[in-house]
Each structure stands twice: as structure tokens, then as C-alpha cells.
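Heads up, the thing below is written out as C-alpha cells.
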2 protein chains.
Amino acid sequence: MTNIPAVKNNSWFVDLSTAQQELIFEHSTLLQFKKDETIIKQGFMADRILYLEEGMAKLSVEDRQRSTVFKIIANDTFIGLMCSFVKRNFDFSAIAIQASTVRLIDRSIFEQMIRENGKFAVHIVQLMSLMTNKIVHDLVNLSHKNVDGAVCTVLTELASIFKSNTFLMPFSRVELANTVGYSKESVIGCLTSLQKEKIIKASGKKIEILDMNRLQVIAKNG
Amino acid sequence: MTNIPAVKNNSWFVDLSTAQQELIFEHSTLLQFKKDETIIKQGFMADRILYLEEGMAKLSVEDRQRSTVFKIIANDTFIGLMCSFVKRNFDFSAIAIQASTVRLIDRSIFEQMIRENGKFAVHIVQLMSLMTNKIVHDLVNLSHKNVDGAVCTVLTELASIFKSNTFLMPFSRVELANTVGYSKESVIGCLTSLQKEKIIKASGKKIEILDMNRLQVIAKNG
DNA sequence: TAAAAAAAGTGTAATATTGCATTTTTCATT
DNA sequence: AATGAAAAATGCAATATTACACTTTTTTTA
């Protein structure tokens with residue numbers, strides 16, 4: 001019998017029967033990624049469903065000129081659901097921003113589970129609903145802000161993702177610029193002035209939020 | 001026996017059995033909306049799944065200050081799937097931009113279909129995948145463009161949605177401005193200069209694209 | 001650990017965008 | 001058809017953002 005990890009209550013597979021869980025685990029592989037390793041490269045064939053068991057990753061859309069992070073995900077999240085159900089290729093990239101464990105699940109088995117197990121299917125639809133909703137609201141939200149507002153919004157989000165006011169930014173300055181849709185100079189300038197105002201402390205990738213209140217005010221009002 | 005409309009090949013319910021189709025149609029209502037009527041108001045209770053059978057609608061996120069259209073949908077599309085599966089309330093608004101026919105489907109019956117019919121479930125997951133993917137790419141894409149690029153991008157998209165180089169804009173100038181994330185003055189200025197360059201002809205909501213090539217070039221290169 | 005390369009940071013001139021005041025046009029209503 | 005209200009359009013000064021050229025710092029690699 002396959003070695004099935006202890007089922008956490010909130011996991012995606014609670015709705016599966018023991019036999020189905022076994023089947024999934026038989027047809028899945030566990031991979032380890034180091035910080036900054038590429039989990040998915042946009043354009044690659046999408047024949048697996050990916051589930052981030054441990055760690056964190058950033059999802060980005062790539063084009064000829066730049067890479068734009070549109071979402072940071074933490075453990076217990078599907079990485080590939082967004083497109084691997086239809087597209088032959090991944091439409092975005094995923095890069096580990098912490099050491100991560102990813103389960104690769106055979107797409108046809110996963111589909112079979114959706115077909116066989118209605119409760120599981122409903123659960124998956126709900127997860128997709130939630131994710132889409134959040135992404136749309138976040139992106140629309142960012143699009144109405146000036147540099148300062150956008151950068152501060154991202155910083156507050158990062159603090160909440162990392163559950164700490166001190167964290168390592170998973171972005172280069174250029175990536176941060178692409179994510180908020182402004183030039184790197186503007187973004188760097190904003191970080192510098194936030195620092196002068198003693199709202200944050202930034203040395204390299206390490207960010208420390210000193211005054212969360214003021215940060216949130218700027219995030220809201222530009 | 002319930003009156004079931006002739007099943008189109010590409011419809012969302014082809015995977016349902018005749019009995020299931022009957023059930024769905026018994027537990028659903030057909031509503032007519034005139035142009036500019038509100039189909040969904042953000043914040044209302046989401047106890048139905050909405051399917052746009054005929055017509056067109058714009059989906060928007062509302063906040064205190066503005067309404068931002070993030071997607072235009074045409075006939076044979078689910079309107080509410082994106083959030084009505086989890087949230088108690090709709091997280092966005094939908095307004096008919098043409099006379100439209102909407103089928104309201106009981107949420108619990110719809111969920112039951114997903115549970116009972118695996119093929120249907122997979123189909124729904126695929127639809128959601130596609131939609132999310134398209135929205136994310138479109139929004140990210142817009143966020144890197146200047147006013148001209150963004151406005152031209154939206155205009156080319158509208159032409160493709162309406163399948164014609166002449167169409168009625170489903171936006172006020174202010175809404176268009178919110179959608180692209182720029183001020184109304186900038187957007188109006190852009191439309192004016194596009195007109196001076198004889199790339200479009202705009203009188204009120206009526207837009208005529210005179211030079212699609214140049215429009216696309218601006219859409220791409222700002 | 002030194003050298004090279006990449007990323008981060010800076011000041012400033014050029015450019016793009018906004019916000020305001022005001023006018024014109026459009027649209028609905030009587 | 002006249003009237004009023006809302007939307008659209010305009011020009012311009014104020015502001016925000018970019019792009020450039022350059023320096024400094026950090027990271028990588030030999």
C-alpha cells in the first residue's frame with residue numbers, strides 16, 4: 001500500500017476516498033525546489049497539475065520585454081489550475097521564492113477524480129472561483145494607484161503573506177516595477193523616500209515596515 | 001415534460017443527460033434585460049448562477065469612487081461563475097450592453113450537476129480556467145501601456161468582440177478612463193488625436209475604425 | 001579574493017499625465 | 001422645440017513619471 005501522508009483537515013484531497021487518495025499519490029511525484037528555482041516556465045507543456053505543498057512561489061506573465069508578477073502563493077495552493085486544464089502549454093511562469101515542495105499530479109488522473117467525485121469537483125470549482133476573484137480585484141485595484149500607492153499596496157500585501165513586518169522581498173526592483181506598472185527609477189525613488197520618511201527600512205531585499213499605519217494610508221490614498 | 005430548447009453543440013449543457021437538462025431548466029428562470037439595465041449589482045446575494053444566453057454584458061468592479069470594467073462578455077457565457085460559487089455576495093457588477101437574455105439557475109441544482117456529472121464538472125473547470133487566464137493576461141497587458149496604447153488596445157478588443165470595425169462603445173468616456181487606468185481628460189485627448197490622425201472616427205458612442213493596422217501598432221507599442 | 005557582471009540608486013531634463021476652469025455637445029424631459 | 005442636466009471636449013498650468021547617463025553597491029564567477 002502506498003504511503004499516504006497524514007491528511008490535514010483543510011487539504012484539497014479530504015473529499016477523496018482513501019482509494020482515490022492512493023491513486024492520486026501513486027500517480028504523482030514530489031519535487032523539491034530551492035529558492036529562486038523555476039517551477040514552471042511559461043510555454044512549457046502543461047501535462048501535470050501542480051500543487052504547492054510547502055513553501056512559496058511567485059506567478060508571473062512573461063513577454064518579450066519583461067516579467068510581471070501577478071500573484072504570490074503560499075503553501076497548500078494549486079499552482080497550475082488556472083490554465084493547465086485547457087491549454088497545452090503553461091501561460092505563466094512560477095518561481096519558488098522559498099524552498100518549496102511541489103506535487104506533480106498526472107492531469108488525466110486529476111481529471112478522472114473530478115469526474116468521479118462530485119464533492120471534490122465542487123471544491124475545485126470553489127478554489128478557482130476564489131483565486132480568480134482575488135486576482136481580478138487586486139489587479140484592478142493596482143491600476144488606479146500612483147507609484148507610491150501601488151508600491152505601498154504591494155508592500156502591505158507582502159507583509160500579510162509573510163505574516164511579518166520584516167521580510168525578504170521576492171522581487172528585484174525591476175520586477176517590482178513591472179508588477180506595479182511603473183519604471184524602475186520611479187519605484188526605487190518611492191522606496192527611497194519611504195525610507196527617508198522612516199516608514200520602511202530597506203537594505204537590499206530585506207524590508208522592514210516601521211510604520212504600518214502610514215504605509216496603509218499611502219497604499220489607500222496614493 | 002418541460003420545454004427544452006434545441007441543444008446547440010457548443011453549449012455548456014451538452015454533457016448533461018436529458019433528465020439533468022430537464023431538471024436544470026425546471027429550476028431556472030429566463031430574464032430579459034434591455035440595453036444598459038443592471039443584471040448583477042455588486043454586493044447583492046449570489047444565490048443563482050447566471051448564464052448569458054443572448055446579448056452582451058460588461059463586468060465591472062465597483063468601489064467608492066469608480067466603476068472599472070474588466071471584461072466584456074458575449075452570448076453563451078457564464079456571468080457569475082467567477083464568484084457565485086463561494087461568496088455570499090457578488091463581487092462585481094454586470095450591465096447589459098445590448099438587449100440580453102439571461103438564464104438564472106438555482107445554485108444548489110447547478111452544484112448538484114457538478115457533483116453528479118463528471119464530464120460536466122470538467123467542462124466547467126475548463127471554462128473557468130480559460131476565463132481567468134484571459135482576464136489576467138489582459139489586465140497585466142494593459143498595465144504596461146501608456147494612455148494611447150491602452151485605449152487602442154481596448155478599441156481593437158471591442159472591434160473583435162463586436163466582429164466589426166464600426167460599433168457603439170459600451171463605455172462612457174469616464175468608464176473607459178477607469179478601465180484603462182487613466183484620467184478622463186487623457187483618454188478624451190487620445191480619442192481626439194486618433195481622430196485627427198484619421199485612425200478612427202468617433203461621434204459620441206459610435207466608433208468607426210478607419211485604419212486598423214495603425215491602431216494595432218499603437219496598441220502594441222504605446 | 002579579485003575581477004567582472006548585474007542590480008540598485010541618483011539627479012535631472014524631457015515627456016506624459018492630471019486637474020482645473022470653462023465651453024460645447026448630447027440627451028432626456030417637459 | 002425649448003430647457004436643463006449630464007457627458008464630452010479643450011487648453012493650459014501644475015504635477016508625476018520616465019529615460020538617460022552615471023555612480024555605487026551587491027552578487028557571481030573564475
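All chains are named by letter (A, B, ...) in the order of the sequence lines, taking the proteins before the strands, and each is independently numbered beginning at 1.
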> Are A:Tyr51 and A:Phe110 an aromatic pair by the rule of ring centers under 6.0 Å?
Replying inline: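 They do not qualify: ring centres at least 6.0 Å apart.
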
Given atom [atom1] of [X] and atom [atom2] of [N], what is their separation to the nearest angstrom?
{"X": "A:Asn178", "N": "C:dA7", "atom1": "CG", "atom2": "P", "value": "12 Å"}
{"X": "B:Lys206", "N": "D:dA8", "atom1": "NZ", "atom2": "P", "value": "17 Å"}
{"X": "B:Gln65", "N": "C:dG19", "atom1": "CD", "atom2": "C1'", "value": "15 Å"}
{"X": "B:Asp36", "N": "D:dA7", "atom1": "CG", "atom2": "P", "value": "12 Å"}
{"X": "B:Ile188", "N": "C:dT26", "atom1": "CD1", "atom2": "C1'", "value": "13 Å"}
{"X": "A:Gln195", "N": "C:dG9", "atom1": "CD", "atom2": "P", "value": "8 Å"}
{"X": "B:Leu168", "N": "D:dA8", "atom1": "CG", "atom2": "P", "value": "13 Å"}
{"X": "B:Phe171", "N": "D:dA8", "atom1": "CZ", "atom2": "P", "value": "12 Å"}

May I ask you to test the [X]-[Y] pair for a side-chain heavy-atom distance under 4.5 Å?
{"X": "B:Thr166", "Y": "B:Lys201", "value": "no"}
{"X": "A:Ile72", "Y": "A:Phe162", "value": "no"}
{"X": "B:Leu158", "Y": "B:Ile207", "value": "no"}
{"X": "B:Val174", "Y": "B:Asn178", "value": "yes"}

> Once each nucleotide of nucleotides 11-30 of chain D is scored for protein heavy atoms under 4.0 Å, what B/S/- sequence comes out, 5' to 3'?
Replying inline: ------SBBB----------

>> Keeping B:Arg214 on the side-chain end and B:Glu197 on the backbone end, is there a donor-acceptor pair under 3.5 Å?
In response: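 It does hold such a pair.
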
>> For A:Ser186, is there any backbone N or O sitting under 3.5 Å from a side-chain donor or acceptor partner on A:Ser183?
In response: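 Present.
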
> Got a sec, which pairs hit salt bridge (Lys or Arg N to Asp or Glu O under 4.0 Å) with one end in residues 140-167 of chain B, sequence neighbours left out?
Replying inline: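 The answer is none; no pair qualifies.
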
> Between the axis at one end of the helix from C:dT1-D:dA30 to C:dT30-D:dA1 and the axis at the other (five pairs apiece), what's the angle to 10 degrees?
Replying inline: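 Axis-to-axis angle, ends of the helix: 60°.
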
> Quick one: do the A:Glu54 and A:Ser100 side chains pair a donor with an acceptor below 3.5 Å?
Replying inline: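 No, no side-chain donor-acceptor contact under 3.5 Å.
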
> Picking from C:dT10, D:dA9, C:dG9, which would you name as closest to the side chain of A:Arg173?
Replying inline: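 Of C:dT10, D:dA9, C:dG9, C:dG9 is nearest to the side chain of A:Arg173.
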
